[in-house]
Amino acid sequence: MKIATWNVNSLRVRLGQVIDWLRAVEPDVLAMQETKCKDEHFPADAFAEIGYRVEFSGEAGYNGVAIASRKEATGVATDIDGFDDHQRRVIAATIGELRVINLYVPNGQRVGSEKYEYKLRWLAALRDHLRIELERHGQLVVLGDFNVAPEDEDVHDPAAWEGKIMCSEPERAAIRSLRQLGLHDAFRLFEQPPQSFTWWDYRAGAFRRNLGLRIDLILVSEQLRQMCKSCTIDAAPRRNERPSDHVPVIAEFAFG
DNA sequence: ATGGTGGCGCGGCCA
């Protein structure tokens with residue numbers, strides 16, 4: 001069982017790359033973020049042609065999330081319970097025994113801004129929601145673009161980023177609070193190359209210079225932790241023409 | 001360097 005996450009930064013622009021990647025990597029599940037695609041325009045046929053079903057929750061221009069899966073998805077939910085939000089940032093589905101929660105966490109813009117406060121409120125509501133989901137589902141994976149680099153080792157220049165957006169202490173505390181619920185960062189279950197990142201700014205040749213952050217995460221429940229066999233970053237799509245600024249992360253499990 | 005690039009959608013916002 002292979003489960004992946006990828007912030008595609010516009011599914012319309014990246015559809016060919018996503019389809020090619022699915023054909024090459026053949027994950028059982030792909031969680032996508034920043035589809036920027038209204039539901040009535042979602043390119044479901046392109047996924048169906050290569051054997052994937054899709055569940056999606058989108059809006060025009062911003063945000064938008066989707067789950068592509070080989071098997072049928074049930075129990076689809078598109079909100080954090082009790083958190084009123086018109087922005088389309090969450091889609092959850094049950095695939096076999098597995099509960100998948102796909103997130104596009106708010107970026108937050110700048111520490112102290114209104115968007116930053118919204119990000120912290122959003123993450124606090126998420127924690128309360130995941131506490132309940134963990135009681136319901138033994139095999140729970142929470143994955144997506146978290147817009148937080150959990151530790152200094154997830155940052156190319158921790159001194160330059162100290163206290164900045166995606167690295168501030170309140171954001172990192174919010175991620176730690178998810179781990180305290182019993183969710184494990186799949187990437188850190190294994191030895192990894194230093195300077196492993198999932199996002200690089202489009203500007204200033206950041207990818208070429210590997211000036212990145214690891215902000216795309218796969219968190220797994222205790223049951224899934226024991227079955228997790230690998231977790232890797234696939235940086236190859238960043239070398240495509242017109243790439244997304246994020247690359248896929250893939251976790252492999254010993255079941256299915 | 002308060003810049004730089006990219007997506008959406010056609011001016012300015014968001015990342």
Side-chain angles (χ1 to χ4, degrees), chain A residues 5-21 30-43 46 56-66 83 85-91 102-123 126 143-150 154-168 170-172 174-175 197-217 233-249:
Chain A
T5 179
W6 192 4
N7 179 324
V8 299
N9 187 17
S10 169
L11 187 54
R12 190 173 60 176
V13 171
R14 234 67 69 188
L15 182 60
Q17 293 181 43
V18 171
I19 296 298
D20 288 349
W21 188 84
L30 172 62
M32 290 166 274
Q33 305 85 36
E34 283 202 270
T35 55
K36 301 185 178 180
C37 180
K38 292 171 80 172
D39 291 348
E40 54 265 46
H41 298 138
F42 195 92
F56 41 84
S57 178
E59 57 180 276
Y62 302 104
N63 309 315
V65 284
F83 189 76
D85 189 1
H86 73 274
Q87 298 188 25
R88 301 293 80 205
R89 298 181 174 278
V90 179
I91 188 162
N102 174 19
L103 305 176
Y104 175 47
V105 176
N107 171 281
Q109 201 164 48
R110 294 185 100 83
V111 172
S113 68
E114 273 184 36
K115 291 190 173 66
Y116 180 75
E117 297 304 323
Y118 162 66
K119 181 180 194 175
L120 295 181
R121 285 199 310 278
W122 197 97
L123 285 166
L126 175 69
L143 77 175
D145 177 0
F146 284 72
N147 269 315
V148 181
D154 302 312
V155 181
H156 68 91
D157 185 346
W161 281 84
E162 188 181 358
K164 299 277 178 27
I165 196 68
M166 299 191 276
C167 298
S168 74
E171 293 169 88
R172 286 180 166 176
I175 300 301
F197 308 123
T198 65
W199 169 83
W200 302 260
D201 199 299
Y202 281 121
R203 297 165 286 191
F207 179 64
R208 180 175 51 76
R209 299 155 66 197
N210 199 27
L211 307 181
L213 302 178
R214 190 177 70 93
I215 56 178
D216 299 272
L217 310 178
I233 297 167
D234 181 6
R238 195 63 164 78
R239 290 183 276 272
N240 291 346
E241 267 188 63
R242 290 188 86 186
S244 171
D245 46 350
H246 297 250
V247 296
V249 183

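Residue numbering restarts at 1 for every chain, and letters A, B, ... go by the order of the sequence lines.
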If you check the A/Y62 side chain, which of B/dG9, B/dA15, B/dG7 turns out closest? B/dG7
Would you kindly say whether A/S168 and A/Y116 are connected by a side-chain donor-acceptor distance under 3.5 Å? yes
Between A/A60 and A/G108, just flag the one whose closest nucleotide in DNA chain B comes earlier from the 5' side. A/A60
Are A/E171 and A/K119 close enough, and set up right, to give a salt bridge (Lys or Arg N to Asp or Glu O under 4.0 Å), and what steps lead you there? CA-CA 8 Å; A/E171 293 169 88; A/K119 181 180 194 175; 2.5 Å; yes
Within the pair A/R110 and B/dA15, is there a side-chain N or O less than 4.0 Å away from OP1 or OP2? no
Rounded to whole angstroms, how far apart are CG on A/N63 and P on B/dC8? 13 Å
To the nearest Å, how far apart are A/D145 CG and B/dA15 P? 10 Å
When rounded to whole Å, the CD1 to P distance for the pair A/I165 and B/dT2 reads 21 Å
B/dC13 and B/dG3, which share atom name P, separated by this distance in whole Å: 14 Å
Parallel under 30°, tilted from 30 to 60°, perpendicular over 60°: which one fits the rings of A/W199 and A/H246? tilted
Partner of A/Q33 under side-chain hydrogen bond (donor to acceptor under 3.5 Å, both in side chains), chosen from A/D145, A/N102, A/N147: A/N102
Which listed nucleotide (B/dG12, B/dA15, B/dG9) is nearest to the side chain of A/E34? B/dA15
Figure out the CG/P separation between A/D245 and B/dC14, and round it to whole Å. 17 Å
Give a yes/no on whether any side-chain N or O of A/R242 is located under 4.0 angstrom from OP1 or OP2 of B/dT5. no
In whole angstrom, give the distance that lies between atom CZ of A/R203 and atom P of B/dG7. 13 Å
If you measure from the C1' atom in B/dC14 to the same atom in B/dG9, how many Å do you get, rounded? 13 Å
Are A/F146 and A/D216 close enough that some pair of their side-chain heavy atoms sits under 4.5 Å apart? no
Of A/R14 and A/P106, whose nearest nucleotide on DNA chain B comes first from the 5' end? A/R14
Roughly how many Å is it from CH2 in A/W199 to P in B/dA15, rounded to a whole number? 12 Å
Nearest-Å distance once atom C1' is located in both B/dA15 and B/dG4: 13 Å
From NZ of A/K38 across to P of B/dC8 the rounded distance in Å is 14 Å
So, does A/S10 get its side chain near the phosphate of B/dC8, meaning an N or O under 4.0 Å from OP1 or OP2? yes
Would you classify A/Y104 as touching base, sugar-phosphate or nothing, given that sugar-phosphate means primed atoms plus P, OP1 and OP2, and contacts are heavy atoms under 4.0 Å? sugar-phosphate
Whole angstrom value for the distance that separates P of B/dA15 from CD of A/E114: 13 Å
